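Quick caveat: nothing in here was measured; it's all calculated off a predicted structure. Here, residue 1 is the first one in the sequence, and each next residue gets the next number. Just so you know, these numbers use all the heavy atoms, side chains as well, and skip hydrogens, waters and symmetry mates.
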Amino acid sequence: MKILLVNPEFPETYWSFRHALPFEGKRCAFPPLGLLTVSALLPPTWEKRLVDLNIQKLKDSDLDWADMVFATAMLVQKESLREVVKLAKARGKRVVLGGPYVTSTIEELPDADHVFRGEAEETLPQFVEDLARGETKPVYQAAERPALAMTPIADFGLANLKRYSAMSVQYSRGCPFSCEFCDIIEIYGRVPRTKSNQQMLAEFDALKALGWRGTVFIVDDNFIGNKKNVRLLLPDLARWQKENGYPFELLTESSVNLADDEALLANMREAGFNRVFLGIETPVEESLHEAQKSQNRGNLVESVRTIQRHGIEVMAGFIVGFDNDPEDIFERQIDFIRRSAIPLAMVGLLNALPDTQLWKRLEREGRLLGEDATGNNTVCTFNFKTRMDPALLVRGYQRIMQTIYGPREYYERVLDSLRRTRNHSVEPRVYSPIAGLTALARILLKLGIIDHERKEFWRFFVQAVIKHRKQFADSLRLAAVGYHFRKLSDAYSEN
Ligand code: B12
Ligand code: SF4
């Protein structure tokens with residue numbers, strides 16, 4: 001059996017990093033871990049190929065080679081998914097779909113032969129058996145959420161590693177909190193399930209054996225969802241990193257209460273974590289209360305500072321459009337982002353995702369506009385009636401993005417963040433001096449010579465060289481990503 005695994009294309013969003021990736025000569029930020037896991041769940045005797053439309057085109061010859069086409073998708077990939085299904089069907093292929101979009105959408109799905117809803121650790125082996133008996137079903141619905149002991153090491157080798165900026169591994173699924181707008185807890189549950197330490201180390205071994213060096217994103221919904229297990233995992237990760245010469249810089253997602261546990265933070269730093277993405281959402285207490293985000297309590301600027309003190313850069317998500325947002329929400333968000341020195345602030349407009357508590361409340365209140373969200377909360381659309389005038393919200397949102405990614409403001413934040421995270425206990429390695437020098441040359445050419453904001457770049461560059469030489473690679477990475485955010489903010493504001 002020949003299986004073609006297809007990852008549909010992402011639109012250009014803040015998350016695509018499309019304007020930053022060329023600096024390091026990469027095509028895409030992360031590989032599609034869902035599909036690589038699906039591949040490992042299929043019989044080893046089956047042949048598999050991966051086509052990631054974010055780095056390559058889907059060729060007729062790929063489709064002709066395959067017996068079946070397996071595709072995944074997040075909501076934001078749905079247009080590209082439809083196109084993939086159409087092409088595969090036109091060439092008479094059996095099409096199998098899975099992933100978060102098909103699991104949670106209320107829209108009519110593309111015309112596939114089989115749809116997998118939920119996690120596939122139990123349903124895929126069942127499908128393989130059904131196929132052998134000639135008794136397959138159109139829909140495979142996971143009856144329950146599988147233990148992650150069942151999750152095999154992903155088939156990382158299928159991906160063209162050189163094209164990606166980071167690799168992904170997953171330690172846990174699910175989150176114990178109950179934020180109103182969140183679909184994670186609906187899709188992956190509120191009881192975080194984790195892999196064993198041995199499983200994690202085996203995945204690290206696999207990536208290292210394939211020659212991967214650099215960033216590894218632990219793509220958990222909330223890395224500290226199961227703190228007890230994480231505390232046991234970190235010393236093993238730290239030992240592995242030390243024994244292997246720290247080949248990986250780790251990045252993950254966590255709830256803000258990470259700041260309450262300094263011992264855990266110290267262990268994370270020791271294990272090689274140098275970045276964490278937090279769900280801060282808003283500095284407005286009433287809006288946090290409305291979103292049932294009770295874990296974001298106390299002085300949030302101070303929480304961010306605590307994490308930064310451990311040498312970990314903080315990235316964070318912010319939302320505007322809550323019912324309780326006051327008219328000065330935009331200024332308050334800007335002020336918070338400035339004071340907390342978060343270079344990469346992903347600000348989005350609130351949208352209701354299907355099946356969330358927010359969706360149900362808005363439905364009860366008759367405020368839904370009858371559409372699935374686009375999944376991209378940075379385009380200026382709403383799928384529900386907002387309390388604040390939507391035109392005001394959009395203008396205010398654009399003002400936030402224009403302000404925080406204005407070059408002077410952004411570079412100041414980066415320098416501030418570098419100052420606060422200076423306390424590194426683990427030195428990042430230079431994995432490839434040639435790649436590093438090429439990236440430097442590209443950045444100097446584009447941001448230091450071609451770009452009209454070059455004056456601000458040089459002002460930043462000089463400061464970074466004088467004061468943060470040890471964090472030089474981070475400074476360059478942040479300059480490149482800042483350029484991406486500025487380009488997109490400018491493009492969105494013109495629309
Ligand atoms: C890493 C990650 C990213 C990475 C991208 C990773 C990538 N290249 O795929 C980044 C940071 C770029 C990202 C961005 C975004 N993301 Co994201 N992301 C995740 C995260 C945390 C992990 C994904 C992952 O690797 N999971 C591990 C694999 C093993 O799990 P899985 O994909 O679910 O696969 C299992 C099953 O679903 C199934 N399966 C999956 N595919 C298929 C296919 C077939 C054929 C079959 C049979 C089975 C199957 O089998 C697997 C094993 O059980 C998930 C949350 C999560 N827990 O998955 C959110 C998640 C997928 N992201 C989400 C969102 C909304 C976004 C953004 C739109 C954020 C935003 N608001 O702007 C952006 C969009 C990207 C863009 N460029 O525009 C949502 C999707 C919601 C939805 N209904 O579609 C999720 C669920 C989390 C959330 N609520 O925020 N994301
Ligand atoms: S902390 Fe994050 S993952 Fe957990 S419920 Fe809230 S938004 Fe969802």
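Residues that satisfy the side chain to side chain contact (heavy atoms under 4.5 Å, CB included) test with Q357, not counting sequence neighbours, are S178, E180, I185, E186, Q292. Applying the side chain to side chain contact (heavy atoms under 4.5 Å, CB included) criterion to P326, with sequence neighbours excluded, gives V284, D328, I329, R332.
With a 6.0 Å radius and a threshold of 12 heavy atoms from other residues, nucleotides or ligands, E327 has its CD atom at or below the threshold. Around the NZ atom of K455, the shell of radius 6.0 Å holds no more than 12 heavy atoms that belong to other residues, nucleotides or ligands. Enclosure of atom CD1 in I434 is not indicated, since only 12 or fewer non-hydrogen atoms of other residues, nucleotides or ligands lie within 6.0 angstrom.
Between the side chains of N7 and Q77, at least one donor N or O sits under 3.5 Å from an acceptor N or O. A donor atom on one side chain and an acceptor atom on the other are found under 3.5 Å apart for D220 and S172. Side chains of N54 and E9: a donor-acceptor N/O pair is absent below 3.5 angstrom, by distance only. There is no side-chain donor-acceptor pair under 3.5 Å between N324 and E285. Side-chain atoms of E107 and Y101 form a donor-acceptor pair, as typed in the model, at a separation below 3.5 Å. The closest side-chain donor-acceptor pair between Y405 and D490, if any, does not fall under 3.5 angstrom. Looking at S287 and E281, their side chains never bring a donor and an acceptor atom within 3.5 Å of each other. For Y14 and S489, the side-chain atoms include at least one donor-acceptor pair closer than 3.5 Å. Donor-acceptor pairing under 3.5 Å is recorded for the side chains of S165 and E24.
Proximity of the aromatic rings of F204 and W212 is defined here by a centroid distance below 6.0 angstrom, and this criterion is not met. Between F277 and W15, a ring centre-to-centre spacing shorter than 6.0 Å is recorded. F457 has its ring centre no less than 6.0 Å from the ring centre of Y483. Y397 has its ring centre no less than 6.0 Å from the ring centre of F330.
Electrostatic pairing of D62 and R49 counts as a salt bridge here, judged by a charged N lying under 4.0 Å from a carboxylate O. Under 4.0 Å is where a charged nitrogen must lie from a carboxylate oxygen, and between E412 and R408 no such pair does. Ion pairing of D323 with R367 is present here, as a side-chain N (NZ or NE/NH1/NH2) and a carboxylate O approach within less than 4.0 Å. Under 4.0 Å is where a charged nitrogen must lie from a carboxylate oxygen, and between R297 and D260 at least one such pair does. With respect to E456 and R459, a salt bridge is recorded, a charged nitrogen being found less than 4.0 Å from a carboxylate O.
Side chains of V465 and F472 form a contact here, defined as non-hydrogen atoms less than 4.5 Å apart. A 4.5 Å side-chain heavy-atom check between D52 and Y164 finds at least one atom pair inside the cut-off. Side-chain contact between D183 and D355: absent, with no pair of heavy atoms (C-beta onward) separated by less than 4.5 Å.
We find the CD-CD1 distance between E253 and I218 to be 11.0 Å, quoted to the nearest 0.5 Å. Atom-to-atom distance recorded for N160:CG and Q56:CD is 7.5 Å, nearest 0.5 angstrom.
Between R339 and R305, the shortest heavy-atom distance links the atoms O-NH2, 4.5 Å. Across all their heavy atoms, F156 and S168 have their closest contact at CE2-O, 3.2 Å. Nearest heavy atom pair, residue K227 against residue N257, reads NZ-O, 4.1 Å.
Between F217 and F30, the angle of the ring planes lies from 30° to 60°, which puts this pair in the tilted group. Between F461 and W458, the angle of the ring planes goes over 60°, which puts this pair in the perpendicular group of the 30/60° scheme.
In summary, of the residues considered (K446, R486, K487), a salt bridge (charged side-chain N to carboxylate O under 4.0 Å, His left out) with D451 occurs for R486 alone.
Figure legend: R18 and F10 shown without cation-pi pairing, the cationic atom not lying both under 6.0 angstrom from the six-membered ring centre and within 45 degrees of its axis.
Of the possible polar contacts, none joining the E270 side chain to the A238 backbone as a donor-acceptor pair under 3.5 Å is found. The closest donor-acceptor contact from the side chain of R442 to the backbone of F23 lies under 3.5 Å. N351 contributes a side-chain N or O that, together with a main-chain N or O of T381, makes up a donor-acceptor pair within less than 3.5 Å. R190 places a side-chain N or O within 3.5 Å of a backbone atom of F177 that can act as its donor or acceptor partner.
Residue pairs meeting the side chain to side chain donor-acceptor pair (under 3.5 Å) criterion with at least one member in residues 313-322, sequence neighbours excluded: E313-R477.
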Checklist entry - Are S417 and Q308 close enough, and set up right, to give a side chain to side chain donor-acceptor pair (under 3.5 Å), and what steps lead you there? => result CA-CA 7 Å; S417 168; Q308 290 165 329; 4.6 Å; no
